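This report concerns only the one structure given below.
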Amino acid sequence: MRLLCFKNLQPLPIPRSILIASMSSSSAKKVIQIDVVADTVCPWCFVGKQNLDKAIASSNDKYSFEIKWHPYMLNPNAPTEGVVKKDYYLNRFGPRSIQMESRMSEIFKGFGLDFDMSGLTGNTLDSHRLIYFAGTQGLDKQHKLVEELSLGYFTQGKYIGDREFLVETAKKAGVEGAAEFLQDPSNGLKEVNEDLKRYAPQISGVPHFTINGKSQLSGGQPPESFLRAFQAAA
């Protein structure tokens with residue numbers, strides 16, 4: 001199932017040294033490196049992450065995983081002050097937005113979560129700056145931060161551009177100094193823009209997964225697709 005968040009279909013623009021999802025230091029394990037390109041307001045990116053995590057959990061006895069997240073902005077011109085999420089979707093997609101919400105609600109229930117369309121949506125730049133910053137403190141923290149951001153935005157009606165929310169999620173993920181980092185809008189901006197130039201032109205939508213620099217997967221892939229990709233990469 002190839003379901004992606006495309007620029008023209010979705011409402012918004014969206015150190016490889018830390019081993020995650022592995023409790024063993026066994027040298028027999030092969031390392032699976034995964035680069036994920038995603039936007040923090042793309043629900044399919046969260047779906048892809050949940051299925052990726054399931055695949056990792058079922059195979060971390062075989063492999064050690066290194067996951068790094070890269071930015072993508074479905075709507076770079078989205079307002080920083082935020083707009084009502086339901087209104088934005090309705091204005092952009094019309095009646096189809098109701099079908100989209102129903103579909104996502106069904107999928108999220110499969111993860112034991114409630115899909116929440118309340119609250120605001122808007123520019124995702126600050127969230128990507130924070131994700132970059134988390135990565136400088138460890139890819140495990142970066143991965144955890146992405147999870148916390150997604151849970152807040154998709155299930156709790158939090159605004160992805162709200163500074164207080166961003167700092168709160170950083171604390172949950174164990175990221176230190178987030179408030180000070182975000183206070184200067186130039187912090188992380190160069191790195192995020194460089195990543196956007198490197199990855200965004202190479203793909204047509206998100207989420208996009210590159211495994212060991214070779215295998216490519218896109219969209220809300222099921223766990224089985226990731227497991228096959230792990231085997232091929234190893």
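Heads up: numbering here begins at 1 and tracks the sequence. Quantities reported herein were computed from a predicted structural model and do not represent experimental measurements.
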Qualifying residues under salt bridge (Lys or Arg N to Asp or Glu O under 4.0 Å), relative to E168, sequence neighbours excluded: K172
Note, [X] side chain near [Y] side chain (heavy atom, < 4.5 Å):
X	Y	result
L145	W69	no
L125	L189	yes
R103	M100	no
R96	Y89	no

Whether F46 and F111 hold their rings parallel, tilted or perpendicular, with breakpoints at 30° and 60°: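 Because their plane-to-plane angle is over 60°, the rings of F46 and F111 count as perpendicular.
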Mutual orientation of the aromatic rings belonging to F65 and Y63 [parallel < 30°, tilted 30-60°, perpendicular > 60°]: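 Answer is perpendicular, since the angle exceeds 60°.
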Would you give the length of the straight line joining atom [atom1] of [X] to atom [atom2] of [Y], rounded to the nearest 0.5 angstrom?
X	Y	atom1	atom2	result
S215	R228	OG	CZ	11.5 Å
I160	T40	CD1	OG1	4.0 Å
L217	L52	CG	CG	9.5 Å

Selection residues 196-225 - residue pairs positive for salt bridge (Lys or Arg N to Asp or Glu O under 4.0 Å), sequence neighbours left out: none
Heavy atoms of other groups near D87 CG, more than 12 under 6.0 Å: yes
Residue K49 excluded, over 12 heavy atoms near NZ under 6.0 Å: yes
Are the side chain of [X] and the backbone of [Y] linked by a donor-acceptor contact shorter than 3.5 Å?
X	Y	value
T169	L166	yes
Q142	I131	yes
N123	A78	yes
K141	G174	yes
S97	F93	no
D126	G161	no
E66	V31	no
S150	V146	yes
K30	A234	yes

Joint hydrophobic cluster, V41 plus L90, side-chain heavy atoms closer than 4.5 Å: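 In one cluster with V41: L90, no.
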Worked verdict on L151 versus L113 for side-chain contact (heavy atoms from CB on, under 4.5 Å): CA-CA 9 Å; L151 289 173; L113 300 169; 4.0 Å; yes
S218 and I203: CA distance, side-chain angles, deciding distance, side-chain contact (heavy atoms from CB on, under 4.5 Å) verdict: CA-CA 9 Å; S218 297; I203 61 178; over 6 Å; no
F115 and I107: CA distance, side-chain angles, deciding distance, side-chain contact (heavy atoms from CB on, under 4.5 Å) verdict: CA-CA 9 Å; F115 184 65; I107 293 174; over 6 Å; no
Show me the donor-acceptor pairs within less than 3.5 Å that the side chains of residues 176-185 make with the rest of the protein, sequence neighbours left out.
unit_1 : atom_1 : unit_2 : atom_2 : d
D184   : OD1    : S186   : N      : 3.0
D184   : OD1    : S186   : OG     : 2.7
D184   : OD2    : S186   : OG     : 3.3

Contacts of [X] that satisfy side-chain hydrogen bond (donor to acceptor under 3.5 Å, both in side chains) - sequence neighbours left out:
X	value
D116	S118
E101	K86
K144	E148

Sub-6.0 Å ring centroid separation between Y153 and F165: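 No, ring centres 6.0 Å or more apart.
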From H70, K190, H128, K68, residue fulfilling side-chain hydrogen bond (donor to acceptor under 3.5 Å, both in side chains) relative to D195: H70
Test side-chain contact (heavy atoms from CB on, under 4.5 Å) applied to V84 and L120, step by step: CA-CA 4 Å; V84 176; L120 304 177; 4.2 Å; yes
Identify the heavy atoms of [X] and [Y] that sit nearest to each other, and give their distance.
X	Y	answer
F230	I34	CE2-CD1, 3.8 Å
P71	L196	O-CD2, 3.4 Å
I211	A233	CG2-CB, 3.8 Å
S59	L227	OG-CD2, 3.8 Å
T80	Y159	O-OH, 2.7 Å
K29	S64	CD-OG, 3.6 Å

